[in-house]
Amino acid sequence: MRLSLCILLGSLAAPSLTAQVAPSPLQTRVEAVAAAHHGKVALFAENLQTHETVAIAPDTPVQTASVIKLAILYEALEQISAGKIHLDDRITEAPEDRVPGSGILTLLDAPRSLTFKDVLTLMIMMSDNAAANLAMDHVGIANVNARMAKLGLSNTYLYKKVFTPVAPGIKMPDDQKKFGLGKTTPREMATLMTKFVQCDLSEPALTTDEALCTAALHMLHVQFYRSAIPRYLDGTPGATGDSIANKTGSLDAVRNDVAAISTKNGMVVIAAFTYENADHSWGAEQEGELTIAKLARAITETWSPAGLAPWPKAFPQGQRK
């Protein structure tokens with residue numbers, strides 16, 4: 001009798017090994033937004049100051065669309081920092097370099113001479129596909145992929161140039177047909193964006209990294225496409241023209257946005273991907289973009305109720321000496 005009573009009391013006092021931790025209010029909120037979306041959602045977000053995170057399928061490989069251009073920009077910074085190439089290198093766009101999709105180079109006369117900085121700016125700010133192809137030619141697709149592997153981003157991969165046939169003799173990986181231009185995961189793309197925020201480059205520096213990183217961030221600050229993460233944030237208290245640095249990616253059934261957001265409670269990085277979307281439209285009320293905007297609003301309202309802040313003047317930890 002006494003033994004049975006002890007066992008009973010012990011079982012009541014001991015915590016259950018299978019007890020589940022209740023999701024945070026923010027987790028519940030973002031999952032509700034994702035559940036209402038007519039398609040699939042993958043997300044990873046982190047406050048770099050408090051190290052709070054929220055995620056939905058953060059390690060699921062997804063189509064990047066033009067978000068992969070962040071990987072091209074990062075490799076360009078590494079090669080420039082190492083003195084292999086330069087922002088003022090002259091790049092010639094020939095008539096045959098014109099490709100469909102986003103951008104303005106296709107609308108301008110060619111041949112046209114541009115600086116490499118111009119090429120990168122158009123690739124990021126306008127998501128110019130012709131500029132992206134010129135940048136790939138200048139830094140090398142293989143170098144981009146080698147860099148991502150070196151960074152430990154094993155699921156981030158650039159397959160080919162935009163709207164351009166694969167060169168003869170080049171065999172694409174088996175999963176290229178599934179992912180198209182590139183693949184990544186929300187967690188890996190958030191990691192890459194964090195490297196821009198912290199000016200975290202790995203090559204031995206032959207240039208001033210701070211000026212180089214500032215130039216790259218300016219390209220992200222002046223992002224032309226603002227209907228996803230910035231949609232509800234641009235008008236929030238404290239928001240300035242440089243509070244958000246972001247890069248979008250869009251296909252008929254895909255809407256993506258990756259951003260760093262300066263808030264009054266630290267820098268917040270969000271990598272949001274929607275895919276297999278039912279809404280294939282290209283209007284202002286596109287559901288994938290609205291879903292990402294709602295996720296970004298939920299995250300920033302929770303982590304920084306006081307609103308956004310101007311971009312910090314100094315790079316946080318991660319910059320090389």
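FYI, the numbering just counts along the sequence from 1. Just so you know, these numbers come straight off a predicted model, no measurement behind them.
The pair Lys183-Asp175 counts as a salt bridge, with a side-chain nitrogen and a carboxylate oxygen less than 4.0 angstrom apart. Ion pairing between a basic and an acidic side chain is recognised when a charged N comes within 4.0 Å of a carboxylate O; Asp234 and Arg226 show such pairing.
When only modelled atom types and interatomic distance are considered, Asp118 and Thr121 share no side-chain donor-acceptor pair under 3.5 Å.
For Thr236 (side chain) and Leu233 (main-chain N/O), a donor-acceptor pair under 3.5 Å exists by modelled atom type. Gln198 places no side-chain N or O within donor-acceptor distance of the main-chain N or O of Asp200, the cut-off being under 3.5 Å. Formation of a donor-acceptor pair under 3.5 Å by the Lys69 side chain with backbone atoms of Ala132 is not found in this model. Checking side-chain atoms of Asp97 against main-chain N and O of Ala94 turns up a donor-acceptor pair under 3.5 Å.
None of Leu105, Thr92, Ile91 except one satisfies the side-chain contact (heavy atoms from CB on, under 4.5 Å) rule with Arg112; the exception is Leu105. For the side chain to side chain donor-acceptor pair (under 3.5 Å) test with Thr291, the passing option among His37, Gln286, His38 is His37; the others fail.
Judged by a 6.0 Å distance limit and a 45° cone about the ring axis, Arg255 is positioned over the six-membered ring of Trp282.
Aromatic ring pairs are classed by plane angle as parallel below 30°, tilted from 30° to 60° and perpendicular above 60°; the pair Tyr159 and Phe179 is parallel.
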message: Checking Phe116 against His86 for the ring-ring contact (aromatic ring centres under 6.0 Å, His included) test, could you report, in this order, the C-alpha distance in whole Å, the side-chain angles of both residues, the deciding distance, and whether it holds?
response: CA-CA 7 Å; Phe116 188 46; His86 308 87; 9.9 Å; no
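Note on Ile68: it does not cluster hydrophobically with Tyr157, by side-chain heavy-atom contacts below 4.5 Å among ILVMFWY residues.
Of all heavy-atom pairs spanning Asn47 and Asn265, the tightest one is ND2-O, 2.9 Å.
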